[in-house]
Amino acid sequence: MRTHRISAALALTAAIVLTASACGGGDSGGGSNSSPKTLTYWASNQGSSLENDKQVLEPELKKFEQQTGIKVNLEVIPWSDLLNRILAATASGQGPDVLNIGNTWSASLQATGALLPFDQAAFDKIGGKDRFLASTIASAGAKGKDPAAVPLYSMAYGLYYNKKLFQAAGIATPPATWEELVQDGKKLTSGDKYGLAIEGGNVSENVHHAFTLGMQHGTGFYDASGKPQFDSPEAVAAVKQYVDFIANDKIAAPGNAEYAANQSVTDFATGKAAMLMWQSAGANLKSHGMNPDDYGVVPVPAPAGATGDKATTSMVAGINLAVFKNTKNLDGALNFVKFMTSDEEQKTLNGTYGSLPPVKAAQSDAAFSTPELQTLAGVLQKSAAPLPQVPTESQFETLIGTAVKNLLASAAAGKPVTEATVKDELSKAQQQMPAS
């Protein structure tokens with residue numbers, strides 16, 4: 001999902017547990033076709049405003065109506081409200097027919113029982129499971145279960161670097177390892193300009209980077225049975241490495257600890273920082289007047305010689321499309337999912353929003369062949385991993401993201417951040433997890 005729009009919508013907390021234990025609204029009945037002429041669609045805010053999303057989506061929905069005779073009633077919901085609206089719907093059993101969910105919510109919402117499982121039969125009705133990138137399907141529900149949704153918009157993290165600033169500092173190539181990034185960052189840090197910009201006040205940005213570094217250190221923050229391991233030595237090392245960009249390496253400005261509204265993107269676009277780790281930043285940089293020729297994009301660094309999970313350079317980011325299990329237009333809802341994930345619609349919608357199509361055939365279109373998107377597509381295909389697909393995933397996001405935020409604030413205030421400090425903060429986060 002687009003992290004800079006969702007920090008207020010991360011807290012599933014006890015609501016998910018209660019809804020899941022009650023089996024949600026989704027298990028009190030089943031889909032029917034009693035209202036075959038209409039659909040209600042809850043879309044997430046992907047564009048510059050809710051009105052912008054309506055301008056993008058309404059012509060496409062009209063196409064669907066012309067093709068099928070089914071009218072789609074659209075509601076674009078801001079990220080600050082979307083999760084609460086979904087939770088209310090899962091608890092009551094009264095929801096939309098089709099809805100957008102952040103892909104990192106998939107397993108948590110799957111646990112409520114309110115979403116239609118995409119089994120083989122459902123996938124057959126929308127053109128098949130193999131049309132989608134494997135990494136995006138892996139972010140659509142718990143391992144070993146039928147996905148709770150299908151991918152709609154995909155994103156991945158890349159390392160953006162300012163070509164002019166690199167050249168001025170005598171750096172010939174962008175960093176491929178963390179050692180190189182820190183070395184380059186120190187060369188690029190002088191006065192009020194820094195080597196790297198981070199969004200330290202943004203809980204979701206923090207947890208995404210902590211997760212990626214965790215994978216590189218050998219942990220996904222959960223063990224194979226789904227038990228949290230937030231304060232393991234590997235997790236401590238991963239979080240400390242990120243916090244050290246401010247604490248010890250001093251290649252990110254102390255003020256970055258408070259950034260939570262895309263200020264890091266602004267700093268990069270305006271030359272105040274030479275590097276940025278971000279999801280599909282091109283459209284945002286353009287809005288700040290930065291020319292694509294002025295920056296390059298490479299995968300986020302990994303340890304030298306890393307293979308397998310330790311070569312992970314991004315979490316799998318994106319938006320999924322789900323069907324409410326109690327829909328009154330089951331056939332129409334699946335037809336709508338087929339339409340929205342068709343090659344043509346994938347090209348149109350992802351092209352407009354600056355994201356990547358999770359549908360393989362659409363992603364090969366020339367529109368997605370810019371150097372930036374080609375790099376991010378390669379990350380999705382080769383080195384991206386889904387966040388833990390467990391029912392407590394959303395609590396994990398909130399607690400670990402907040403722990404990193406607290407540690408960055410301490411570093412910005414000049415307080416020492418040691419392994420013991422990090423372990424203590426992560427242990428507190430684990431203690432706040434609900435009992436399984």
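Bear in mind the structure is a predicted one, so any value in this text is a computation, not a measurement.
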A.B. asks: Quick one: do the Ser355 and Asn350 side chains pair a donor with an acceptor below 3.5 Å?
C.D. replies: yes
A.B. asks: Should Val76 and Gln46 be marked as a side-chain contact (heavy atoms from CB on, under 4.5 Å) after you check the CA-CA gap, both sets of side-chain angles, and the distance that decides it?
C.D. replies: CA-CA 9 Å; Val76 182; Gln46 297 300 121; over 6 Å; no
A.B. asks: Apply side-chain hydrogen bond (donor to acceptor under 3.5 Å, both in side chains) to the pair Gln381 and Gln363, showing each step before the final yes or no.
C.D. replies: CA-CA 11 Å; Gln381 293 168 9; Gln363 196 175 107; 3.1 Å; yes
A.B. asks: Strictly by modelled atom types, are Thr219 and Gln229 linked by a side-chain donor-acceptor pair under 3.5 Å?
C.D. replies: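 On atom types as modelled, these side chains do not qualify, holding no pair under 3.5 Å.
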A.B. asks: Would you sort out whether Val207 and Val404 count as a side-chain contact (heavy atoms from CB on, under 4.5 Å), showing the intermediate values?
C.D. replies: CA-CA 7 Å; Val207 76; Val404 176; over 6 Å; no
A.B. asks: Quick one: which of Asn202, Leu276, Asn256, Leu196 gives a side-chain contact (heavy atoms from CB on, under 4.5 Å) with Ser264?
C.D. replies: Leu276
A.B. asks: Would you tell me whether Asn33 and Asp331 have side-chain atoms, one donor and one acceptor, within less than 3.5 Å of each other?
C.D. replies: yes
A.B. asks: Report yes or no: does Gln374 contribute a side-chain atom to a donor-acceptor pair with the main-chain N or O of Phe368 at less than 3.5 Å?
C.D. replies: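 Answer holds: yes.
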A.B. asks: Can you confirm whether Thr104 sits close enough to Glu393 that some side-chain heavy atom of one is under 4.5 Å from a side-chain heavy atom of the other?
C.D. replies: yes
A.B. asks: Is the side chain of Asn45 donor-acceptor paired with the backbone N or O of Pro78 at a distance under 3.5 Å, no angle test?
C.D. replies: no
A.B. asks: When the aromatic ring centroids of Tyr161 and Tyr295 are compared, is their separation below 6.0 Å?
C.D. replies: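 Ring centres of Tyr295 and Tyr161 not closer than 6.0 Å.
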A.B. asks: Does Ser49 use its side chain to pair, donor to acceptor, with the backbone of Asn52 at less than 3.5 Å?
C.D. replies: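 Present.
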A.B. asks: May I ask you to say whether Asp244 pairs ionically with Lys240, meaning some side-chain N is under 4.0 Å from a carboxylate O?
C.D. replies: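 Yes, Asp244 and Lys240 are salt-bridged.
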A.B. asks: Please indicate whether Lys227 has more than 12 foreign heavy atoms, meaning atoms of other residues, nucleotides or ligands, lying under 6.0 Å from its NZ.
C.D. replies: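 For Lys227, atom NZ is not crowded (no more than 12 foreign heavy atoms under 6.0 Å).
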A.B. asks: Decide yes or no on side-chain contact (heavy atoms from CB on, under 4.5 Å) for Trp42 and Val98, but give the supporting numbers first.
C.D. replies: CA-CA 6 Å; Trp42 285 359; Val98 187; over 6 Å; no
A.B. asks: Should Leu82 and Ile101 count as side-chain neighbours, where that means a heavy-atom distance under 4.5 Å?
C.D. replies: no
A.B. asks: Can a donor-acceptor pair be found, under 3.5 Å and without considering hydrogens, that links the side chain of Lys129 to the backbone of Phe123?
C.D. replies: no
A.B. asks: Just by distance, do the side chain of Gln389 and the backbone of Gly141 share a donor-acceptor pair under 3.5 Å?
C.D. replies: yes
A.B. asks: Please walk me through it: do Asp343 and Arg131 pass salt bridge (Lys or Arg N to Asp or Glu O under 4.0 Å)?
C.D. replies: CA-CA 10 Å; Asp343 293 356; Arg131 298 177 58 242; 3.3 Å; yes
A.B. asks: Treating Asp124 as the side-chain partner and Gly128 as the backbone partner, does any N or O pair qualify as donor plus acceptor under 3.5 Å?
C.D. replies: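 Flag not set: sc Asp124 to bb Gly128 has no pair under 3.5 Å.
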A.B. asks: For Glu65, enumerate each residue passing the salt bridge (Lys or Arg N to Asp or Glu O under 4.0 Å) test, keeping only those at least two apart in sequence or located in another chain.
C.D. replies: Lys62
A.B. asks: If every non-hydrogen atom of Met275 is compared with every non-hydrogen atom of Pro175, which pair is closest and at what distance?
C.D. replies: SD-CG, 4.0 Å
A.B. asks: With ring centroids as reference points, do Phe230 and Phe396 lie under 6.0 angstrom apart?
C.D. replies: yes
A.B. asks: Below 4.5 Å, heavy atoms only, C-beta onward: do Pro358 and Leu152 meet side chain to side chain?
C.D. replies: no
A.B. asks: Classify the side-chain pair Trp278/Glu199 by whether it contains a donor and acceptor separated by less than 3.5 Å.
C.D. replies: no
A.B. asks: Within a 6.0 Å radius of atom CD on Glu258, are there more than 12 heavy atoms belonging to other residues, nucleotides or ligands?
C.D. replies: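 Count not over threshold, so no.
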A.B. asks: Within a strict 4.5 Å, meaning less than it, do heavy atoms of the Asp294 and Asn162 side chains meet?
C.D. replies: no
A.B. asks: Apply side-chain contact (heavy atoms from CB on, under 4.5 Å) to Ile86 and Leu99, showing your working.
C.D. replies: CA-CA 9 Å; Ile86 294 172; Leu99 65 157; 3.7 Å; yes
A.B. asks: Is there a donor-acceptor contact under 3.5 Å from the side chain of Asn73 to the main chain of Tyr41?
C.D. replies: no
A.B. asks: Between the main-chain N or O of Gln395 and the side-chain N or O of Thr392, is there a donor-acceptor pair closer than 3.5 Å?
C.D. replies: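 Looks like no, no N/O pair under 3.5 Å.
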A.B. asks: Check for a donor-acceptor pair, side chain of Ser287 on one end and backbone N or O of Asn284 on the other, with a separation under 3.5 Å.
C.D. replies: yes
A.B. asks: Listed by chain and number, what are the salt bridge (Lys or Arg N to Asp or Glu O under 4.0 Å) partners of Glu60, not counting sequence neighbours?
C.D. replies: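 Residues passing salt bridge (Lys or Arg N to Asp or Glu O under 4.0 Å) with Glu60: Lys63.
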A.B. asks: Checking the side chain of Asp97 only, and the main-chain atoms of Thr40 only, is there a donor and an acceptor separated by less than 3.5 Å?
C.D. replies: yes
A.B. asks: For Tyr259 and Asp267, test the side chains for any donor-to-acceptor distance below 3.5 angstrom and give the result as yes or no.
C.D. replies: yes
A.B. asks: If we ignore angles and hydrogens, is there a donor and acceptor under 3.5 Å between the side chains of Thr112 and Gln110?
C.D. replies: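 No, no side-chain donor-acceptor contact under 3.5 Å.
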A.B. asks: Just by distance, with hydrogens left out, do Glu425 and Asn406 show a side-chain donor and acceptor under 3.5 Å apart?
C.D. replies: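 Asn406 and Glu425 do have a side-chain donor-acceptor pair below 3.5 Å.
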A.B. asks: Does the distance from a Lys or Arg side-chain N to an Asp or Glu carboxylate O, for Glu75 and Arg85, drop under 4.0 Å?
C.D. replies: yes
A.B. asks: Are a donor atom and an acceptor atom from the side chains of Tyr160 and Glu372 found within less than 3.5 Å of each other?
C.D. replies: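 Yes, Glu372 and Tyr160 have a side-chain donor paired with an acceptor closer than 3.5 Å.
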A.B. asks: Going through the distances and angles, do Asn329 and Thr327 end up as a side-chain hydrogen bond (donor to acceptor under 3.5 Å, both in side chains)?
C.D. replies: CA-CA 5 Å; Asn329 189 357; Thr327 174; 6.0 Å; no
A.B. asks: Is the distance between the ring centroids of Phe211 and Phe221 under 6.0 Å?
C.D. replies: no
A.B. asks: Within a radius of less than 6.0 Å around NZ of Lys328, do more than 12 heavy atoms belonging to other residues, nucleotides or ligands occur?
C.D. replies: yes
A.B. asks: Can you tell me if Tyr153 and Asn103 form a side-chain donor-acceptor pair at under 3.5 Å?
C.D. replies: no
A.B. asks: Tell me which donor-acceptor pairs under 3.5 Å the side chains of residues 300-319 have, and how far apart each pair is, sequence neighbours excluded?
C.D. replies:
from	atom 1	to	atom 2	distance (Å)
Thr312	OG1	Asp309	O	2.6
Thr313	OG1	Ser383	OG	2.7
Ser314	OG	Tyr157	N	2.9

A.B. asks: Rounded to the nearest 0.5 Å, what separates atom OG in Ser34 from atom CG in Leu330?
C.D. replies: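 It is 10.5 Å, given to the nearest 0.5 Å.
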